[in-house]
Amino acid sequence: MQRILTETRRKREADVREAMARLPEIREMVGLPVDWEPTDDSELLFASEAASEKRRHDAACAECPYTVETCEQCRYNAEPFSSARYSNEFLRCIPACAKYKVRMEQRRIAKLIGESGMGARFQMRTFATFREDAATETAKRLAQTFCADIKTNPRATGLMLIGPYGCGKTHLAAAILHRCAEDGTPGMFVVAPDLLAQIRSSYRTGDGRADEIVDAAKNTPLLVLDDLGAEKASPWVQEQLYMLINHRYEHMLPTVITTNNDGAELEAELGRRTLSRLAEMTVPIKIKAGDYRMKLAGQAMRAAQAV
């Protein structure tokens with residue numbers, strides 16, 4: 001036992017000497033003042049441990065294999081490391097993962113809006129899975145440009161994707177949400193008629209969730225409003241949509257719209273004052289492509305008949 005204690009003491013003394021020799025490097029790595037001095041050996045070793053962990057973290061982060069959906073598997077987002085931050089205050093030099101923060105925000109939004117969010121079919125729709133052709137290549141390129149813009153400009157002008165059923169509008173909108181999330185911008189995907197139905201239901205039951213849902217849609221850094229104009233027009237619908245869109249207009253928050261309507265149809269659905277704001281806060285992208293879903297159905301039917 002005495003031998004073990006002696007060896008432990010000698011190792012600690014060696015670690016202290018090594019840390020003292022690396023003190024300028026430790027200060028820089030941990031973000032300490034240039035004149036910082038440890039109050040005792042324990043504090044020095046904690047700072048040294050944090051500096052070494054920060055170096056490993058930065059190297060791992062530079063080659064990060066995780067996506068927003070899988071970032072919880074990273075050891076720096078797991079519970080043991082989160083707990084270690086409390087036992088060693090110097091570990092706070094390791095910033096919270098941007099992808100993990102996006103994941104937590106999107107989980108909060110998903111819990112809040114439930115079924116009005118992105119359906120399972122579109123949760124895996126990305127730019128990589130988008131089937132591009134001559135009719136959709138411009139829309140895809142502009143969508144990708146928007147993602148690059150919002151990465152550096154949180155007030156980037158949004159998009160309005162206009163086109164018939166099955167042309168790829170919602171796929172591109174989902175791809176935008178995924179790309180922006182990977183780049184650190186959380187977003188909210190809502191189907192306009194479903195969102196309005198949830199607000200109605202909440203007001204009717206008095207559960208108080210309507211205000212939470214609306215506030216989330218108003219203030220999320222990126223809002224995707226899918227199928228705008230599909231809801232039956234009424235003064236109540238127009239007022240709800242105006243309040244949402246006007247808030248985002250005034251605060252210059254990026255918004256992506258998908259709609260089957262254009263021009264006079266959209267004005268009749270939304271009202272002129274809402275459409276006027278959308279005209280300023282989004283760039284219209286018309287997608288003149290056929291119904292891809294019907295095309296796939298036709299191919300499947302022909303294949304079945306050939307068997």
Side-chain angles (χ1 to χ4, degrees), residues 102 105-119 122 143 146 150 153-162 169-170 172-174 176-177 180-181 185-285:
V102 168
E105 174 63 10
Q106 292 189 329
R107 180 175 290 175
R108 183 188 72 83
I109 289 172
K111 183 178 180 181
L112 176 65
I113 66 176
E115 295 303 318
S116 70
M118 190 188 302
F122 286 96
F146 168 76
I150 199 173
N153 177 16
R155 294 182 174 180
T157 301
L159 302 177
M160 182 182 291
L161 304 173
I162 308 165
K169 305 184 302 295
T170 301
L172 280 177
I176 288 170
L177 196 71
C180 290
T185 300
M188 181 175 179
F189 186 108
V190 292
V191 180
D194 293 346
L195 175 65
L196 292 166
Q198 273 207 339
I199 294 172
R200 280 195 197 95
S201 176
S202 179
Y203 284 147
R204 187 166 53 249
T205 61
D207 63 9
R209 295 183 69 245
D211 290 340
E212 291 183 75
I213 294 170
V214 172
D215 285 346
K218 282 181 175 180
N219 296 301
T220 184
L222 170 63
L223 176 67
V224 173
L225 196 54
D226 188 43
D227 220 4
L228 185 64
E231 60 286 337
K232 185 177 180 180
S234 72
W236 182 86
V237 165
Q238 290 186 346
E239 186 62 23
Q240 295 301 313
L241 291 174
Y242 172 76
M243 289 190 296
L244 169 60
I245 290 168
N246 183 62
H247 179 91
R248 298 190 65 80
Y249 169 80
E250 290 183 348
H251 291 82
M252 302 178 71
L253 294 170
T255 306
V256 174
I257 305 291
T258 79
T259 181
N260 301 320
N261 301 328
D262 191 6
E265 290 180 330
L266 205 54
E267 183 175 337
E269 295 286 347
L270 304 178
R272 174 161 291 188
R273 60 178 181 168
T274 300
L275 185 60
S276 174
R277 283 158 176 75
L278 286 175
E280 185 175 344
M281 62 193 283
T282 63
V283 174
I285 301 175

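Quick caveat, the model's predicted, so the values are computed rather than measured. Computed over heavy atoms, backbone and side chain alike; hydrogens, waters and symmetry mates excluded.
- In this view, E265 satisfies the salt bridge (charged side-chain N to carboxylate O under 4.0 Å, His left out) rule with no residue, not counting sequence neighbours.
- Judged purely by atom type and a 3.5 angstrom limit, N219 uses its side chain to pair as donor or acceptor with the backbone of D215.
- Looking at F146 and V256, their side chains come closer than 4.5 Å, going by heavy atoms from C-beta outward.
- Atom CZ of R200 has more than 12 heavy atoms from other residues, nucleotides or ligands within 6.0 Å.
- Between L270 and N261 there is no side-chain heavy-atom pair separated by less than 4.5 Å.
- For the side chain to side chain contact (heavy atoms under 4.5 Å, CB included) test, residues two or more places apart in sequence or in another chain that qualify with P221 are T185, P186.
- Under the salt bridge (Lys or Arg N to Asp or Glu O under 4.0 Å) criterion, the residue pairs touching residues 267-282 are E239-R273, E267-R272, with sequence neighbours excluded.
- Contacts classified as ring pair (Phe, Tyr, Trp, His ring centres under 6.0 Å) and involving residues 250-276 (residues at least two apart or in different chains) are given here: H247-H251.
- In this structure, the side-chain hydrogen bond (donor to acceptor under 3.5 Å, both in side chains) partners of N260, at least two apart in sequence or on a different chain, are K169.
- Judged as a salt bridge (Lys or Arg N to Asp or Glu O under 4.0 Å), not a single pair has a partner in residues 242-258 (not counting sequence neighbours).
- Counting only heavy atoms from C-beta outward, the side chains of L223 and V190 approach each other to under 4.5 Å.
- Residue pairs meeting the side-chain hydrogen bond (donor to acceptor under 3.5 Å, both in side chains) criterion with at least one partner in residues 220-237, sequence neighbours excluded, are T170-D226, D226-T258.
- Applying the side chain to side chain contact (heavy atoms under 4.5 Å, CB included) test to S202 and every residue at least two apart in sequence or in another chain returns D207, R209, A210.
- By the side chain to side chain contact (heavy atoms under 4.5 Å, CB included) test, A181 is found to be paired with V68, V102, Q106, residues two or more places apart in sequence or in another chain being considered.
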